[in-house]
Chemist: 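For reference, the structure I am asking about is given below.
Whatever order the structure lists them in is the order used to number ligands and atoms, beginning at 1. The first residue in the sequence is number 1, and the count goes up from there.
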Amino acid sequence: MKETAVGRVEISRAALVHNIREFRRLIGPRRKFLGVVKANAYGHGIVEIAGIAVAEGVDWLGVNSVEEGAALRRAGIEAPVLVLGYSPLASLEEAVVQGLRLTVYNRETVARLAALAGRLRKTVRVHVKLETGTWRQGVPAKDLTAFVRDIRRRPGLVVEGLSSHFANIEDTTKHDYPRRQLEIYRMACRELEAAGPRVPVKHMSCTASTILFPEPGFNMARVGIGLYGLWPSKETYLSCLLDQKELLALEPVLSWRTRIAQLKKVPARADIGYGCTYRTTRPTVLAVVPVGYFDGYDRGLSNTAHVLVKGRRAPVRGRVAMDFFMADVTDVPGLKLEDEVTLLGAGGRERITAEDLASWAGTISYEILARINPLVPRIVV
Ligand SMILES: Cc1ncc(COP(=O)(O)O)c(C=O)c1O
């Protein structure tokens, strides 16, 4: 795919492969490694990332929706794919046809899957999600055994996995809440297995818990943000230091680049952009950048972010509009039309990180990455 008017997202294969190897080392050879490629692989491009991940030994892929799973199958990816998000009843037939694993926690979903398994003569593998305190998806612990029993009595359905998800691991260096969640999982799992056969695949970890609590009881780790070369949070990094754990050397995978659409001399005391929120304090050279909030460059970056031009930082001036924003390039000599602008990534000796953009926009790196519009071409370099 070629660069378009709004530029390109570059995906570093070397960085991705490096991060996969770091996590494989941590997860070990015996536990399964699920690469979380939902949300267009956190904005990196689901098909591009999944292809490299599977070639590099990632065992399973995690998607949000049946549509994302089907896109992987259409791209020829045959690895096990687990749908982590909600699968509407109307999407279940496609899931069964594509051989996707589904996260289940509603009896209606189970009944519909059983009917489809019979009609289509397929085996459907499900992962039951246990509620341990995130209060998002999941079956309450007290109902788990009966829920699983109901699935097991239905021909064509196989309970392959038991999963849960941490609520409060990235935001703090105090980890008593996730430890309580682990305890709820263990107790519910013990009770379930006392009443019937073992569940083959047990998984609860995300990047932060894979780094902080490599729990022996689980045999699959679900790694998202770490694959893309980012720490989940400062607190996770700090927890690692406090616990004297090894600090993984992660390498950011994504860079986002575009080109100058116009260079413009502006007098002092000119009001820039919508709402006239910035007034120049000197004769200024502005670079008009053809990217806006439609492309995922957050409006919260107005008057706060920097971009890189010829390895130098240039501040964003005025509001980020739908398709454009302006940067002050007065101090960067020798620029011309269509010179490169780095919105995220390295340029010369400088680097703008997803964490920088997140703190400028008042959000987290996950959101900065995941919201880069899928229409911006992803180019593997
Ligand atoms: C169910 C589930 N598992 C795993 C992950 C991966 O989390 P992380 O990106 O922090 O590794 C997510 C991410 O939101 C998730 O929703």
Chemist: Answer with yes or no after comparing the ring centroid distance for His127 and Trp60 against a 6.0 Å cut-off, counting only values under it.
Modeler: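 Distance test on ring centres: under 6.0 Å, yes.
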Chemist: Given 3.5 Å as the limit, does a donor-acceptor pair link the side chain of Arg378 with the main chain of Val376, or not?
Modeler: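 Pair found, side chain donor or acceptor close to backbone of Val376.
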Chemist: Excluding sequence neighbours, so at least two apart, what forms ring pair (Phe, Tyr, Trp, His ring centres under 6.0 Å) with Phe147?
Modeler: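 Ring pair (Phe, Tyr, Trp, His ring centres under 6.0 Å) check on Phe147 returns nothing, list empty.
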Chemist: Can you pull every nitrogen or oxygen pair between ligand 1 and the protein closer than 3.5 angstrom?
Modeler:
residue	atom	partner	partner atom	Å
ligand 1	3 (N)	Arg222	NE	2.8
ligand 1	3 (N)	Arg222	NH2	3.3
ligand 1	9 (O)	Tyr42	OH	2.6
ligand 1	9 (O)	Ile225	N	2.8
ligand 1	10 (O)	Tyr366	OH	2.7
ligand 1	11 (O)	Thr207	N	2.8
ligand 1	11 (O)	Thr207	OG1	2.5
ligand 1	11 (O)	Gly224	N	2.9
ligand 1	14 (O)	Lys38	NZ	3.1
ligand 1	16 (O)	Lys38	NZ	2.8
ligand 1	16 (O)	Arg136	NH2	3.1

Chemist: One pair to check against side-chain hydrogen bond (donor to acceptor under 3.5 Å, both in side chains): Ser233 and Thr236. What are the steps and the verdict?
Modeler: CA-CA 5 Å; Ser233 62; Thr236 308; 2.8 Å; yes
Chemist: Please check this pair: side chain of Asn373 against backbone of Asp295, looking for a donor-acceptor N/O pair closer than 3.5 Å.
Modeler: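 Looks like no, no N/O pair under 3.5 Å.
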Chemist: On the 0 to 90° scale, with breaks at 30° and 60°, tag the His175-Phe213 ring pair as parallel, tilted or perpendicular.
Modeler: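 Ring orientation of His175 relative to Phe213: perpendicular.
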